[in-house]
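Order of appearance sets the numbers: ligands from 1, and atoms from 1 within every ligand. In this chain, numbering begins with 1 at the start of the sequence shown. A quick note: this is a predicted structure, and the numbers were derived from the prediction, not measured.
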Amino acid sequence: MVLGSRQSDHLGRYYTHGKVAALLVASMNVAAPKTVIDLGAGDGTLVDAGAKLWSRARFVTVDIDDKAESSRLPVTRGGAFRHFTGDALDVGLDHRLGLHWGKACVGLCNPPYIKPRWRRHFGEIMEEVGLSHVLPHAEDIPADILFIAQNLRFLKDGGRLGMIIPDGLISGERFMRFRQSLIESHSIDQVIELPRNIFRRTEAKAHIVILTKAATQVLHIPVRQLSSTGELSDAMTISPERGLLRLDYGYHSSVRPSRTSRVVRLSKLIASISRGTLSSRTRKNVGYPVFHTTDLTAGMTEVPSEFALSKEFQKVVAGVTARAGDVLVARVGRNLSDKICRVDRGVIVVSDCFLVLRPNVGEEDNLFKVLNSPRGRVAIDAIAHGVGARFITANALMKICF
Ligand SMILES: C[S@@+](CC[C@H](N)C(=O)[O-])C[C@H]1O[C@@H](n2cnc3c(N)ncnc32)[C@H](O)[C@@H]1O
């Protein structure tokens, strides 16, 4: 039933249907948790479903709305329930709840899908759980990611988070790094796509996501779909690499590779791969231009023409050169996956911070297109090592599959 848009409620109060709550809790596969938290508990539908399954657990609920039904749970349901009326994004929430960070067994959460006014301590919350880099501008972090971060702070390693999160986080290109971070640091155990009419007061699309904190990512992520009539589809499995791209059942079931379609290894598109030889320092001592990663600025997809060597220099240069059609991929540095470009004319010398990929004949456009696509960038991020200044190897690059 559609009664309004999400934006119409400044606290994002859209409550979960009891059946969805029951499905979420059952999908978590948790036997007997001691402590269950629900940040943004609203009318308490999630903890209510939890209490039916986990009779010995103690439940801690938080909601900023002093009229939220969950505030009455300690009275109506007794001592197993504790409630705090206040801000779930409070940096010192552990003191307010009398619950140490890293001690909860289960987190249940349907966070508000709103964009809160940025407060400085949000940066600390994000930093602490390794999510500070997931969006280019920290001020753009939506409340749902902040709620996930607070849940991760409260959960112990191996603890499980069952959440209902909006479609954007699951399928949006903007949130690819967010998904990557969850997959690399935790295990996304299951995703269930919910039908549009699932919330009582909005048509927004959302998904149930079950995650285990600090666990090794399962190799085959089961994704399912709940129909508007309440039937749960069979699971199809996707690899974590595909999960970085999107985690929604609708997408993967529509693009599922047929038995005849091929997975292409990057090495199949490439005739040769070589590494530049001149360092950024030596390039200053040679008389000809040498293209270095700092010359490749944001949004640049082709090597600027001033780096094309004159005929005279072409005869005398030492080291690796690149020619028209070659693709250059930064090998070391920050934001590696943003540093990809191609040579459209002439011959150029590159520094040792680049790998030069020479495409097979006829694959010139294809090679550049796959590497420069969101999928290609995620694949490069995934093979990069190190923190701060990261690096990739030619070997790992050749093994990337699309
Ligand atoms: C989408 S509703 C979900 C309610 C409930 N968990 C459910 O699934 O039905 C989000 C809830 O978060 C609460 N909320 C919004 N901002 C909050 C904040 N900063 N701290 C605590 N609760 C907040 C709202 O009052 C609302 O009850």
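- Residue contacts with ligand 1, taken as heavy atom pairs separated by less than 4.0 Å, involve Asp43 solely via side-chain atoms from C-beta onward.
- Taking a cut-off of under 4.0 Å to the non-hydrogen atoms of Asp65, the atoms of ligand 1 that pass are 25 (O).
- Within ligand 1, counting atoms from 1 as listed, the ones closer than 4.0 Å to a heavy atom of Asp87 are 18 (C), 19 (N), 20 (N).
- Under the salt bridge (charged side-chain N to carboxylate O under 4.0 Å, His left out) criterion, Arg177 pairs with Asp381, sequence neighbours left out.
- In this structure, Gly86 has a heavy atom closer than 4.0 Å to ligand 1.
- Which of Ala41, Ala21, Ser70 comes nearest to atom 5 (C) of ligand 1 through a heavy atom is settled by distance: it is Ala41.
- Counting non-hydrogen atoms of neighbouring residues, nucleotides and ligands closer than 6.0 angstrom, the NE2 atom of His133 exceeds 12 such neighbours.
- Those atoms of ligand 1 with a heavy atom of Ala88 less than 4.0 angstrom away are 18 (C), 20 (N), 21 (C).
- In this structure, the side chains of Leu108 and Met28 come closer than 4.5 Å at one or more pairs of heavy atoms.
- Phe147 counts as a contact of ligand 1, since one of its heavy atoms falls under 4.0 Å from the ligand.
- In this comparison of Ala68, Gly40, Pro116, the heavy atom closest to atom 4 (C) of ligand 1 sits on Gly40.
- Residue contacts with ligand 1: Ile114 is placed with no nitrogen or oxygen under 3.5 Å of a nitrogen or oxygen of the ligand (distance criterion only).
- Among residues two or more places apart in sequence or in another chain, the side chain to side chain contact (heavy atoms under 4.5 Å, CB included) test is passed with Leu245 by Met176, Arg375.
- Residue-environment remark: CZ (Arg345) stays at or below the threshold of 12 foreign heavy atoms within 6.0 Å.
- Here's the thing with Leu89: none of its N/O atoms is less than 3.5 angstrom from an N/O atom of ligand 1.
- Between the side chain of His121 and the main chain of Leu89, a donor-acceptor pair closer than 3.5 Å is present.
- Using a non-hydrogen distance threshold of 4.0 Å, Pro111 registers as a contact of ligand 1.
- Closest heavy-atom approach to atom 3 (C) of ligand 1 within the set Asp66, Asp63, Asn110: this belongs to Asn110.
- For Lys156, the NZ atom is loosely surrounded, since the number of other residues' heavy atoms within 6.0 Å does not exceed 12.
- Ring pair Trp101/Phe154 is tilted by interplanar angle, where 30° to 60° counts as tilted.
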